[in-house]
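Below, all heavy atoms of this structure are taken into account, side chains as well, without hydrogens, waters or symmetry copies. Here, residue 1 is the first one in the sequence, and each next residue gets the next number. When a ligand or atom number is given, it counts from 1 through the structure's own listing order.
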Amino acid sequence: LIKEKAKSDVDKLFSGFSKTRENLSVVDELLTYWNLADTDRVLDDLEEALLVSDFGPKISFRIVDTLRDQIRDGKLKSGTEIKASLKRCILELLTTKGSKTELQLGFRKPAVIMIVGVNGGGKTTSLGKLAYRFKNEGAKVLMAAGDTFRAAARDQLEIWAERTGSEIVIDNDKKAQAPSVLSQAVKRGKREGFDVVLCDTSGRTVVVADWSV
Ligand SMILES: Nc1nc2c(ncn2[C@@H]2O[C@H](COP(=O)(O)OP(=O)(O)O)[C@@H](O)[C@H]2O)c(=O)[nH]1
Ligand SMILES: [Mg+2]
């Protein structure tokens with residue numbers, strides 16, 4: 001019964017985040033059978049569960065440190081209390097706004113942002129999120145489809161441009177080269193008074209030497 005109740009609590013908190021919820025279901029197991037002697041192991045596992053659920057290292061460490069302090073001070077004596085405290089920590093993070101959430105574009109127009117990183121690391125998705133954020137702040141956004149390696153990458157970026165109401169520069173030529181697409185985009189950004197040019201790239205892999213911008 002306790003396990004079921006705990007599961008429904010966690011489910012309520014994380015409904016809508018299906019991947020995250022799946023990863024966090026391990027927290028249920030961890031805390032249901034928690035006892036004081038297991039604290040270090042359980043907190044390590046909890047930290048891992050938070051990390052794979054996209055909480056980010058800084059936030060995950062902060063949450064686990066808070067719980068560790070509360071356990072050490074005798075404020076939390078059962079798995080249920082730890083779970084309640086975990087919920088409070090997460091809710092607090094979600095509801096308190098940081099003071100520095102505003103994105104700084106710098107003084108030159110357009111600001112050029114190039115997203116780089118390993119293949120599949122979330123570059124294009126992050127670019128879409130940035131575009132959404134900049135649009136909401138009233139900026140005129142231009143995207144540059146600099147991932148010329150994967151044909152589908154352009155389509156993926158086009159969808160983000162539509163979703164966010166951004167303009168996009170694409171070179172549909174099969175032999176299109178990333179530097180040429182990006183330079184076309186920056187030139188257009190200058191000419192047409194865009195506030196920001198968001199450059200997508202193909203990232204890099206160790207096995208394909210020239211798969212990079
Ligand atoms: N869980 C999770 N998945 C993400 C996140 N960002 C992107 N993804 C997923 O990771 C996969 C690769 O993302 P994509 O943006 O195409 O990566 P890219 O190859 O670096 O451009 C996609 O299935 C995305 O939905 C994130 O922050 N969390
Ligand atoms: Mg991509």
Side-chain angles (χ1 to χ4, degrees), residues 10-11 13-28 45-64 86 89-91 93-94 97-98 100-101 103 111-136 141-186 189 196-213:
V10 171
D11 279 357
L13 183 58
F14 293 103
S15 62
F17 296 93
S18 58
K19 268 192 212 164
T20 304
R21 190 171 62 223
E22 238 167 71
N23 289 325
L24 276 178
S25 62
V26 68
V27 173
D28 256 355
D45 288 353
L46 175 63
E47 188 176 285
E48 195 180 317
L50 293 173
L51 285 169
V52 298
S53 310
D54 287 339
F55 276 78
K58 214 166 131 189
I59 297 287
S60 305
F61 300 158
R62 201 196 298 168
I63 292 175
V64 170
L86 172 63
C89 286
I90 295 170
L91 278 174
L93 287 165
L94 290 172
K97 247 191 161 178
K100 284 187 190 155
T101 55
L103 296 169
V112 179
I113 298 176
M114 186 187 220
I115 317 274
V116 294
V118 290
N119 187 33
K123 292 183 296 298
T124 306
T125 311
S126 300
L127 190 149
K129 290 178 183 174
L130 279 172
Y132 177 77
R133 175 95 185 250
F134 284 129
K135 286 296 281 193
N136 279 347
V141 179
L142 182 63
M143 294 182 175
D147 182 351
T148 48
F149 192 84
R150 246 180 358 111
R154 290 164 225 174
D155 304 340
Q156 191 188 351
L157 198 68
E158 256 186 314
I159 293 169
W160 278 110
E162 269 169 37
R163 276 182 188 155
T164 57
S166 308
E167 294 290 317
I168 182 167
V169 173
I170 296 179
D171 188 338
N172 277 317
D173 188 334
K174 270 197 186 133
K175 289 190 192 127
Q177 294 289 312
S180 132
V181 179
L182 300 189
S183 97
Q184 278 174 52
V186 173
V196 56
V197 180
L198 297 175
C199 304
D200 195 24
T201 67
S202 58
R204 235 177 203 289
T205 155
V206 284
V207 289
V208 186
D210 59 355
W211 183 5
S212 63
V213 174

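Between Phe134 and Ile113 the shortest side-chain heavy-atom distance falls below 4.5 Å.
Put simply, CG on Leu157 and CZ on Arg150 are 10.5 Å apart, with the number rounded to the nearest 0.5 Å.
For atom 20 (O) of ligand 1, the nearest non-hydrogen atom from the set Lys123, Gln156, Lys129 comes from Lys123.
Ligand 1 lies less than 4.0 angstrom from a heavy atom belonging to Gly120.
Look at Gln156 and the Mg ion (ligand 2): no N/O/S atom of the residue is under 2.8 Å from the metal.
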Working for side-chain contact (heavy atoms from CB on, under 4.5 Å), residues Ile170 and Val181: CA-CA 7 Å; Ile170 296 179; Val181 179; over 6 Å; no
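Formation of a donor-acceptor pair under 3.5 Å by the Lys123 side chain with backbone atoms of Gly117 is found in this model.
Considering backbone and side-chain N/O atoms, Thr125 comes within less than 3.5 Å of an N/O atom of ligand 1.
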